[in-house]
Amino acid sequence: MITLYIKNHTYSYEMECLTRLFFPNERIETVKIKENVILKKPYIYTEKIIASYCNFILDICLLGQSKRKEFKFNFCEENKEKECERKMSIELYNILSNITSLNPPWGILTGVRPVKLMRKLISDIGKEKTVEYFRNEFLVNEEKLNLAIKTLDIEQNILNKSKPKSFSIYISIPFCPSRCSYCSFVSQSVEKAAKLIPDYLKLLCIEIEQTAEIANRFSLELESVYIGGGTPTILTSKQLEALVDTVNKCFNMDDCKEFTIEAGRPDTITEEKLKVMREYGVSRISINPQTLNDDVLNFIGRRHTSEHTIKSFDMARDLGFSNINMDLIAGLPSDTYLGFCNTLRKILSLSPESITIHTLSMKKASHLTEEGLELNFKDAKQTYDMLKFSSKELNLGGYIPYYLYRQTRMVGNLENVGWSKPGYEGLYNIYVMDETHTILSCGAGAVSKLINPHTNNLERIFNFKFPYEYIYNFKEIIRRKEQVSEFYGKLHELI
């Protein structure tokens with residue numbers, strides 16, 4: 001355990017996140033103090049000295065090494081606190097990098113949306129200064145900086161076409177055939193929750209109807225629909241038909257550019273379900289092998305094989321699906337660099353329209369974390385090499401990075417990147433990650449994000465997380481939908 005001491009400042013969250021970049025397996029205890037105390041080793045001591053300038057002390061004892069430094073900086077009063085936090089972050093990063101010989105490629109950035117941050121800075125100070133700021137003030141390395149710039153440019157071409165009255169729909173099916181060992185999403189395995197599905201689906205369709213009524217009342221224009229989970233194809237073909245039929249009947253689909261279903265597990269995909277999707281206008285599906293190494297699939301608790309993946313992909317192609325995404329995860333437990341490279345080569349031979357490369361994220365709620373599996377520096381280096389290989393191969397294969405995001409506790413503090421052939425960018429992925437237009441969400445664990453197109457201010461409306469909560473509190477779910485009406489009622493005269 002590492003004790004993180006905080007004295008005279010409010011930067012504890014950022015200090016903890018930075019510490020976790022270098023010590024992902026250690027428990028970090030944050031202790032706020034007002035007076036001098038005896039420091040328990042190993043520790044990181046951070047103190048801000050109250051003054052007209054930014055004056056702080058870092059005292060660190062880790063891995064048998066001790067470092068103590070005092071820093072002074074002058075800032076304009078307007079940005080003093082923000083800049084002091086950033087400077088303390090930079091100096092802590094530098095010391096921890098020196099102690100561990102690690103250089104996390106995203107520097108001191110710990111947030112989810114680096115591309116969104118880059119876009120905001122460009123609007124404030126211009127592109128050239130923003131690039132220098134990422135390089136010198138956030139310590140982002142050249143490889144990740146170039147990736148962010150390229151992703152931003154591709155995203156911007158799509159975001160420019162979005163209108164003030166645009167919105168997208170997200171629909172949650174929080175059930176899976178089994179729970180993967182790395183998963184922390186709010187989903188239930190069918191063994192435990194199958195009996196909930198009929199009631200859940202019935203209420204979900206009612207929520208979709210209520211949501212559509214509000215959207216139609218304010219003449220909002222639907223750009224994309226995304227049915228995710230969980231594993232939406234855990235539904236029977238008749239259940240799936242009832243769901244997509246409700247979407248088609250309730251919303252004006254004339255302007256909808258993309259209708260995605262995350263088919264997910266290859267072992268849940270059948271010809272009958274694919275035919276239902278085709279009949280009801282689903283234009284994009286995701287078939288997610290994660291890896292084509294059967295031993296790794298077994299280790300992480302997936303109940304399909306690489307053969308299932310190939311057969312599902314071929315079946316979808318034969319039925320006319322011309323926009324298929326496939327997800328892979330870099331850094332899976334028991335996977336190797338060569339194993340990952342072989343998987344990617346096989347996926348590229350199928351030529352899907354998009355490939356999403358995720359980095360393993362060891363969330364607290366995942367089975368792997370609960371079982372005590374730890375990640376070390378070797379894992380981080382191997383995963384970094386996997387991402388470098390994927391970037392090279394995908395670029396050579398004609399794929400472009402169209403969206404990028406990050407999560408907490410990711411191996412090596414790396415990233416997830418969506419790659420696509422030009423013209424096949426996943427629109428919903430861009431909209432939800434860059435928070436540039438409203439997402440109306442339905443189902444358990446869903447979060448609606450309401451964007452004011454004039455101020456870019458964002459309001460969130462949360463549904464209950466678990467299916468049983470959703471079912472038993474459904475009246476409250478519908479009551480919360482009125483917040484969408486209130487939001488657009490206030491905007492109605494301005495739009």
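These numbers come from the heavy atoms of this one structure, side chains and all, not from hydrogens, waters or symmetry mates. Just so it is clear, the model here is predicted, and its values are computed rather than measured.
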>> Suppose we screen for ring-ring contact (aromatic ring centres under 6.0 Å, His included). Which residues come up paired with Y384, at least two apart in sequence or across chains?
In response: none

> Would you call the rings of Y170 and Y226 parallel, tilted or perpendicular, where under 30° means parallel and over 60° means perpendicular?
Replying inline: parallel

> Who are the salt bridge (Lys or Arg N to Asp or Glu O under 4.0 Å) partners of R406, not counting sequence neighbours?
Replying inline: none

> Any donor and acceptor pair, going by atom type alone, linking the side chain of N98 with main-chain N or O of N94 inside 3.5 Å?
Replying inline: no

>> Can you tell whether the side chains of K127 and D153 come within less than 4.0 Å, N to carboxylate O?
In response: yes

> Among pairs that include at least one residue of residues 102-112, which meet side chain to side chain donor-acceptor pair (under 3.5 Å), considering only residues two or more places apart or in two chains?
Replying inline: E14-T110, S97-N103, W106-E415

> Any salt bridge (charged side-chain N to carboxylate O under 4.0 Å, His left out) pairs touching residues 57-70, not counting sequence neighbours?
Replying inline: D59-R68

>> Whether the Q156 and N160 side chains hold a donor-acceptor pair (N or O, under 3.5 Å, no angle test) is what I'd like checked.
In response: yes

> For L338, which residues count as a side-chain contact (heavy atoms from CB on, under 4.5 Å) partner, sequence neighbours excluded?
Replying inline: T336

> In chain order, what residues pass the side-chain contact (heavy atoms from CB on, under 4.5 Å) check against K421, with sequence neighbours excluded?
Replying inline: S351, E353, Y399, Y424

> What distance do F340 atom CZ and N293 atom CG have between them, rounded to the nearest 0.5 Å?
Replying inline: 12.5 Å

> Does some side-chain heavy atom of E143 sit less than 4.5 Å from a side-chain heavy atom of L147?
Replying inline: no

> Should the pair E91-K87 be classified as a salt bridge under the 4.0 Å nitrogen-to-oxygen rule?
Replying inline: no

>> Determine whether I329 and T359 satisfy the following criterion, side chain to side chain contact (heavy atoms under 4.5 Å, CB included), listing intermediate values before the conclusion.
In response: CA-CA 6 Å; I329 298 178; T359 299; over 6 Å; no

> Between R460 and V447, is there a donor-acceptor pair closer than 3.5 Å when you use the side chain of the first and the backbone of the second?
Replying inline: no

> Should R135 and E132 count as an ion pair when the cut-off is N to O under 4.0 Å?
Replying inline: yes

>> Do the side chains of R20 and E26 get close enough for a salt bridge, i.e. N-O under 4.0 angstrom?
In response: no

>> Check this for me, if you would: do E85 and K48 make a salt bridge, where the nitrogen-to-carboxylate-oxygen distance has to be below 4.0 angstrom?
In response: no

> Does D434 pair with R113 as a salt bridge, N-O distance under 4.0 Å?
Replying inline: no

>> Walk me through whether Q382 and M386 qualify under side chain to side chain contact (heavy atoms under 4.5 Å, CB included).
In response: CA-CA 6 Å; Q382 177 172 269; M386 290 174 177; 3.7 Å; yes

> If only atom types and distance count, is the side chain of S12 paired as donor or acceptor with the main-chain N or O of T30 below 3.5 Å?
Replying inline: no

>> Rounded at 0.5 Å granularity, tell me how far OG in S283 sits from CD in E258.
In response: 6.0 Å

>> Parallel, tilted or perpendicular: which one describes the rings of F134 and F138, with boundaries at 30° and 60°?
In response: perpendicular

